[in-house]
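To start, the structure under review is shown below, and the notes come after it.
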Amino acid sequence: MTPVDLDGTLAHSAQGWREAYGLPLHVTFLPAVRDNLRAFAQVFRDAYPRGSIRYAVKASGHPALLAAVAQGGAGADAASPFEVRCALRAGIPPQAVNVNGNGKEDSLIREAVARDMLLVADSSEELGQAEAVARSLGRQARVLLRLSGFVLGEVTGARILTGGTWSKFGIPIDEIQGLLENLAAFPSLRFQGLHAHIGSQLTRPEPYLAVLGRMVELGLELKARTGSCPILNLGGGFPVNYLDGPAWDALRRRLAARDGFGWNGTTGGLRAGADGVLDASRWHGTAFHSPWPKAEMLRAVLQGRVRVEGRALGAREALASLGEPELMVEPGRSIVEDAGITLCTVVQVRRAATVHNLVTVDMGVTSHADALLEGGGNRWQLLGGAAESEPFETFIAGNLCFSGDLLTPFKTSLHRRPRRGDTLVLRDTGAYSGHFLASNANAFPRPARILVEGDGGITVMKLRDRFQDLFSQ
Ligand SMILES: Cc1ncc(COP(=O)(O)O)c(C=O)c1O
């Protein structure tokens with residue numbers, strides 16, 4: 001669960017932050033980021049010393065955050081020119097930067113090749129572009145082939161599944177054979193290995209193991225053709241526990257009971273069987289809990305079994321059969337999500353559909369993308385005040401002018417009835433949620449984002465927008 005301390009210290013700090021930066025406010029605690037990085041490094045030390053971490057900058061990027069990443073011995077996975085700039089500014093060497101993305105402009109490919117970054121090629125079309133750029137620079141480009149098209153079933157929410165058949169990312173696995181036979185068409189590219197990012201918030205090791213087995217098979221083929229396959233990259237996707245086990249079970253039980261726990265009858269990820277009864281044991285979409293959170297998923301994968309050319313092997317045995325390539329991972333969410341919280345203010349407490357409590361706050365889904373993209377399983381807590389005998393069960397709505405602007409599709413439980421002006425804390429928002437859909441909808445300013453050190457020192461990642469930031473003269 002969140003390593004962020006939510007006692008009186010936070011209430012005290014929150015008052016100071018509110019005055020200095022205004023609410024809503026996104027806060028990331030750097031010591032928690034460091035702990036998460038250390039945990040991944042430890043798993044590699046224990047189970048596969050040839051492992052390496054490339055932190056996915058898209059989860060949350062700022063040179064100060066990335067400096068902590070660099071100090072933790074990790075490189076970066078960058079997917080835009082500014083993400084690359086962030087990583088380099090933080091002191092991450094270009095050779096430790098992966099350049100990902102399905103729409104790289106020539107200028108980005110050029111920078112990657114000129115500075116010897118590792119280009120993760122998303123398509124055979126991109127290989128042609130990279131070949132032309134590398135040739136024009138008179139250089140050899142280091143390239144991984146990104147794979148997709150794996151038939152894995154429903155392993156996470158459709159919006160964050162990237163390695164499946166219907167994907168805008170990667171080279172379909174069915175086409176890779178033809179490509180491997182045609183590598184000579186790209187004399188300026190040095191094929192270093194294979195990449196797959198299955199998706200985000202993967203709560204079971206099986207999809208990783210299925211993909212790893214296939215990657216080892218293809219790696220053997222690449223090695224047979226080029227003489228080497230020094231890198232396999234398994235991408236990110238390591239899950240975070242938004243809810244602990246009992247809370248996750250309770251959420252599904254409440255939804256299955258159809259007792260008004262879901263907004264307007266929604267049943268979240270539960271579906272009804274032919275008998276019309278909701279199956280609480282099976283969740284469709286993004287899950288809010290995994291028995292293998294964060295680095296523990298990497299450990300489970302390295303201790304798991306894969307199939308290589310019909311043979312069942314331990315994952316490490318399979319990697320050994322390929323000559324122990326460097327095993328890269330690109331964790332994003334699992335490094336920063338539980339290091340972050342969002343603070344906002346209660347503006348109204350009222351009723352919806354006559355009988356349900358509804359709290360409205362001073363931000364919308366543009367400041368909490370998880371609610372729109374991933375189902376909004378995050379926990380909420382109210383700062384201050386004594387607990388009442390009955391918890392206050394409520395939906396929480398945003399302040400934007402559209403009905404889908406709900407921050408909780410399920411009722412959340414607060415320790416007392418909130419009042420206008422109270423501060424609400426939204427947990428586990430360090431990755432994506434605060435900035436991914438950040439916009440000026442309704443001309444609201446985008447909130448500030450700050451990084452907090454162990455000693456309370458602050459780096460402002462982004463100041464709250466002012467009028468002139470929204471409206472150019
Ligand atoms: C190529 C790639 N690598 C890594 C990640 C990070 O994934 P996660 O935050 O789930 O660890 C992403 C996320 O979209 C990605 O697209």
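Please read these numbers as outputs of a predicted model, since none were measured by experiment. All residue numbers in this chain count up from 1 along the given sequence. Just follow the structure's listing: the first ligand is 1, and inside any ligand the first atom is 1.
- Listed by number with element, the atoms of ligand 1 under 4.0 Å from a non-hydrogen atom of Gly236 are 4 (C), 7 (O), 11 (O).
- In terms of protein heavy-atom proximity, atom 9 (O) of ligand 1 is nearest to Tyr432 OH, 2.5 Å.
- Among all heavy-atom pairs drawn from Ala318 and Val216, the shortest one is O-CG1, 3.6 Å.
- When only non-hydrogen protein atoms are considered, atom 7 (O) of ligand 1 lies nearest to His197 CE1, 3.2 Å.
- Of all protein heavy atoms, the one closest to atom 16 (O) of ligand 1 is Lys58 NZ, 3.2 Å.
- Ligand 1 has an N or O atom lying under 3.5 Å from an N or O atom of Gly237, backbone or side chain.
- Between Phe44 and Tyr48, the ring-plane angle classifies as tilted under the 30° and 60° cut-offs.
- For a threshold of 3.5 Å applied to N or O pairs, the pair formed by Ser334 and ligand 1 contains no separation below that value.
- Taking a 6.0 Å sphere around CZ of Phe82, one finds it holds 12 or fewer heavy atoms contributed by other residues, nucleotides or ligands.
- The nearest protein atom to atom 10 (O) of ligand 1, hydrogens excluded, is given as Ser200 OG, 2.3 Å; this is a heavy-atom distance.
- Per-residue contacts place Pro331 under 4.0 angstrom from the following atoms of ligand 1 (heavy atoms of the residue considered): 11 (O).
- Contact of the Leu88 side chain with the Arg115 side chain is registered, since non-hydrogen atoms from C-beta on lie closer than 4.5 Å.
- The part of Asp77 lying near ligand 1 is the side chain, judged by heavy-atom distances below 4.0 Å.
- For the ligand labelled ligand 1, residue Arg146 lies inside the 4.0 Å heavy-atom shell.
- Between the side chain of Gln381 and the backbone N or O of Val425, no donor-acceptor pair lies under 3.5 Å.
- Considering both main-chain and side-chain atoms, Gly235 never comes within under 3.5 Å of ligand 1 through any nitrogen or oxygen pair.
- Looking only at heavy atoms of the protein, atom 3 (N) of ligand 1 is closest to Glu330 OE1, 2.7 Å.
- Counting heavy atoms closer than 4.0 Å to ligand 1, residue Ala56 contributes side-chain atoms (C-beta onward) but none from N, CA, C or O.
- Residues Arg204 and Pro239 form no side-chain contact, since every pair of their non-hydrogen atoms from C-beta on lies 4.5 Å or further apart.
- Atom numbering of ligand 1 starts at 1 in the shown order; those under 4.0 Å from a heavy atom of Asn100 are 1 (C).
- Remark: ligand 1 and Arg333 share an N or O pair separated by less than 3.5 Å (distance only, no angle test).
- Side-chain contact check for Pro447 versus Leu25: every heavy-atom pair is 4.5 Å or farther apart.
- Of the possible polar contacts, none joining the Thr156 side chain to the Leu161 backbone as a donor-acceptor pair under 3.5 Å is found.
- The aromatic rings of Phe261 and Phe410 lie parallel to each other, with less than 30° between the two planes, well short of the 60° mark.
- The shortest N or O to N or O distance between His195 and ligand 1 is not below 3.5 Å.
- For Phe169, no heavy-atom contact with ligand 1 is shorter than 4.0 Å.
- Contact check for Tyr242 versus Asp370: side-chain heavy atoms found under the 4.5 Å cut-off.
- Here the side chains of Trp380 and Leu407 are in contact, with some heavy-atom distance below 4.5 Å.
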